[in-house]
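Working notes, structure below.
Computed from a predicted structure; not experimentally measured.
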Amino acid sequence: MDRILQNESTYSATYMILTALGYTAGAIVAGSLSLLWLERMKHYRGLEQHLSEVHHRYIAETEKLHQILNAVPLSIATVDKQGTVMFVNEMMEQTAREQLPCTSTPDLIGQPASQFVEQGQADKMDKSIRRAIVHGEISGLTVRYGAYVFQSRTVPIYAFSTESAREVTGAMLIIQDITELEMLRSELDNVDRLSLVGQMAASITHEVRNPMAVVRGFLQLMQEKSPDSLDHYYRIVLEELDRANSIINDFLSLAQNRIAEKEESQLHDIIHELSPLLWADANLRGQSIELMLAHNVPKLHLNSKEIKQVVLNLARNGMEAMNEKGVLTLETRIVDDKVELCVRDTGPGLPRVKKEKLFEPFYTTKAKGTGLGLSMCLSIVERHNGTITVESEEGQGTTFKVAFER
């Protein structure tokens with residue numbers, strides 16, 4: 001019996017030891033798992049924090065890129081591989097809203113890029129985009145819309161890759177308004193033509209005027225000895241000679257490339273000196289003249305004789321453009337740091353095509369005009385470091401603005 005009790009006691013002790021060892025092992029395993037879990041959680045939290053930082057950096061860089069694209073003074077749009085617009089910057093939105101044939105700004109995204117040009121140039125735009133997407137070529141295209149001229153450049157967009165062969169995922173359109181550049185080129189052409197006119201005038205004026213003076217003198221002598229019935233023939237011939245002499249004088253004015261001799265002059269004094277002559281012309285035509293002269297116009301460095309020519313030419317052009325009861329307005333005013341002289345008529349106005357060519361030599365809207373009057377005005381104003389512009393709409397009259405630096 002004692003032996004049996006001893007064995008049972010041994011078994012109990014062994015069971016308790018094994019149980020304690022099991023609990024200990026379990027605790028060790030649980031502790032190890034807990035530590036591993038904590039390490040994993042710490043690692044995942046580190047990854048989450050890193051991903052969050054990367055995400056914020058991505059958002060910040062994306063926002064920075066958008067700000068850069070919106071600040072660039074170019075119209076920029078991106079298209080996918082199908083040529084569909086995916087992004088436009090603010091300059092492109094403004095250009096599309098004001099000048100391009102797009103219907104409205106919200107319609108830009110998701111539409112083909114050919115909406116940026118007129119229908120006749122849509123195929124050229126599509127081919128340019130195809131070359132960029134399929135062949136990775138950079139190409140340019142000149143686009144005209146009404147009076148505006150744009151230079152379009154198509155550049156392929158590549159996917160990010162470490163491999164040598166890069167995949168084209170779309171294209172970027174860069175559109176620049178070069179209307180002012182084209183106007184500058186046109187003005188340079190006008191300068192070249194004016195220079196040619198000046199050279200011609202300087203070389204032939206004296207040779208032409210001298211024989212004309214002799215012819216006119218003999219015609220007057222012949223008129224005195226001829227019957228009165230022939231007076232109207234002589235009058236026609238003399239008028240044509242005077243007209244030819246006037247053309248030569250215009251040539252001479254254009255040929256004067258020398259610096260105009262200027263002095264302190266009051267623009268109002270020049271206008272008042274011409275007023276009697278202008279009123280006489282207006283009365284003969286049944287028209288009237290209004291003077292709207294500002295009180296605070298300062299003296300300017302002017303060549304009075306040349307400015308008289310400008311005022312007289314502009315005023316007579318305005319009177320010739322009007323019918324009876326027309327009103328010609330001469331106005332002076334100060335705009336910013338400039339003094340403006342405005343010559344305004346109530347005539348029929350000018351279409352845009354004629355308005356763009358007014359200052360070209362030999363271009364005229366008159367039946368007997370020489371096309372040199374406004375060219376001469378432009379030459380004189382430029383010698384005074386000024387500018388001359390025209391505002392006109394059909395049915396609303398025409399206004400010439402001459403601006404002088406104070």
Side-chain angles (χ1 to χ4, degrees), residues 216 220 223 228 231-250 253 265-295 297 300 302-333 339-350 354-355 358-359 363-378 380-381 388-402 404:
R216 197 179 194 286
Q220 288 175 327
Q223 182 181 14
D228 294 341
D231 280 351
H232 66 286
Y233 293 115
Y234 285 106
R235 185 172 64 253
I236 292 173
V237 175
L238 291 173
E239 286 178 354
E240 290 302 314
L241 282 174
D242 290 338
R243 180 168 174 267
N245 190 58
S246 175
I247 295 173
I248 292 175
N249 289 333
D250 290 343
S253 297
S265 303
Q266 176 55 256
L267 183 60
H268 292 176
D269 294 339
I270 297 174
I271 295 174
H272 287 307
E273 288 179 15
L274 291 175
S275 294
L277 180 59
L278 297 178
W279 268 110
D281 286 350
N283 288 333
L284 290 175
R285 302 172 188 271
Q287 300 168 349
S288 60
I289 296 177
E290 289 186 358
L291 298 181
M292 300 173 59
L293 308 181
H295 297 291
V297 173
L300 304 172
L302 303 174
N303 182 294
S304 300
K305 183 179 179 181
E306 291 188 338
I307 299 303
K308 284 180 182 178
Q309 280 185 289
V310 172
V311 176
L312 192 59
N313 280 358
L314 295 180
R316 283 181 171 167
N317 280 348
M319 287 188 282
E320 290 174 359
M322 297 186 297
N323 296 323
E324 291 185 4
K325 298 183 180 179
V327 179
L328 182 74
T329 303
L330 299 179
E331 179 184 1
T332 58
R333 60 191 181 187
V339 174
E340 278 191 357
L341 167 65
C342 300
V343 181
R344 185 182 305 110
D345 65 60
T346 56
L350 296 169
K354 291 184 178 180
K355 184 173 65 175
L358 276 181
F359 296 100
Y363 178 81
T364 179
T365 58
K366 305 174 187 177
K368 294 185 179 181
T370 63
L372 294 173
L374 289 178
S375 297
M376 182 185 64
C377 291
L378 177 62
I380 292 174
V381 171
I388 180 169
T389 56
V390 57
E391 295 178 358
S392 183
E393 293 186 14
E394 292 186 79
Q396 298 187 15
T398 302
T399 301
F400 284 91
K401 293 183 178 180
V402 182
F404 299 101

Report summary line: Sequence neighbours excluded, the answer for side chain to side chain donor-acceptor pair (under 3.5 Å) partners of T332 is H268

Query raised in the report: Is it true that a side-chain atom of S392 and a backbone atom of G397 form a donor plus acceptor pair closer than 3.5 Å?
Result: yes

Requested in this report: List the steps and the verdict of side chain to side chain contact (heavy atoms under 4.5 Å, CB included) for E320 and R285.
Outcome: CA-CA 9 Å; E320 290 174 359; R285 302 172 188 271; 3.8 Å; yes

Query raised in the report: Closest approach of G326 and T346, non-hydrogen atoms and distance?
Result: CA-OG1, 3.6 Å

Requested in this report: Starting at NZ of K401, measure out to CZ of R333 and round the result to the nearest 0.5 Å.
Outcome: 4.5 Å

Query raised in the report: Between the side chain of Q266 and the main-chain N/O of V297, is any donor-acceptor distance below 3.5 Å?
Result: yes

Report summary line: When every non-hydrogen atom of L238 is compared with those of Q223, the smallest separation belongs to CD1-OE1, 3.7 Å

Query - Identified side chain to side chain contact (heavy atoms under 4.5 Å, CB included) counterpart of L314 within the set D345, L374, L330 - result: L374

**Report entry** Chi angles and distances behind the side chain to side chain contact (heavy atoms under 4.5 Å, CB included) call for V311, V343
**Finding:** CA-CA 8 Å; V311 176; V343 181; 5.7 Å; no

Query raised in the report: So, the side chain of S265 versus the backbone of S304: is there a donor-acceptor pair under 3.5 Å, distance only?
Result: no

**Report entry** P348 backbone acceptor or donor facing E394 side chain under 3.5 Å
**Finding:** no

Requested in this report: Please report the C-alpha distance between I307 and L341 in whole Å, then the side-chain angles of each, then the deciding distance to 0.1 Å, and finally whether the side chain to side chain contact (heavy atoms under 4.5 Å, CB included) criterion is met.
Outcome: CA-CA 11 Å; I307 299 303; L341 167 65; 5.8 Å; no

Query raised in the report: When rounded to the nearest 0.5 angstrom, what is the spacing between CG in L274 and NZ in K308?
Result: 6.0 Å

Report task. Would you indicate whether N283, at its atom CG, is surrounded by more than 12 heavy atoms from other residues, nucleotides or ligands within a distance under 6.0 Å? Result -> yes

Report task. Mind listing the closest non-hydrogen atom pair of Q287 and M319 along with its distance? Result -> NE2-O, 3.1 Å

Query raised in the report: CD1/I270 to NZ/K305 distance, rounded to the nearest 0.5 angstrom?
Result: 13.5 Å

Requested in this report: Please step through side chain to side chain contact (heavy atoms under 4.5 Å, CB included) for the pair L312 and L278, ending with a clear verdict.
Outcome: CA-CA 8 Å; L312 192 59; L278 297 178; 3.7 Å; yes

Query raised in the report: Quick one: are L277 and R316 in side-chain contact, heavy atoms under 4.5 Å?
Result: yes

Report task. Of all the heavy-atom pairs spanning G349 and T398, show the shortest one and how long it is. Result -> CA-OG1, 3.7 Å

Query - Over 12 non-hydrogen atoms of neighbours within 6.0 angstrom of CD in E393 - result: no

Query raised in the report: Atom OG1 of T329 and atom CE of M292: how far apart are they, to the nearest 0.5 Å?
Result: 7.0 Å

**Report entry** Approximate separation, where rounding is to 0.5 Å, of E331 CD and T399 OG1
**Finding:** 9.0 Å

Requested in this report: To the nearest 0.5 angstrom, please state how far the OG1 atom of T389 sits from the CD atom of E340.
Outcome: 7.0 Å

Query raised in the report: What's the shortest heavy-atom distance between W279 and I289, and which atoms?
Result: CZ2-O, 3.1 Å

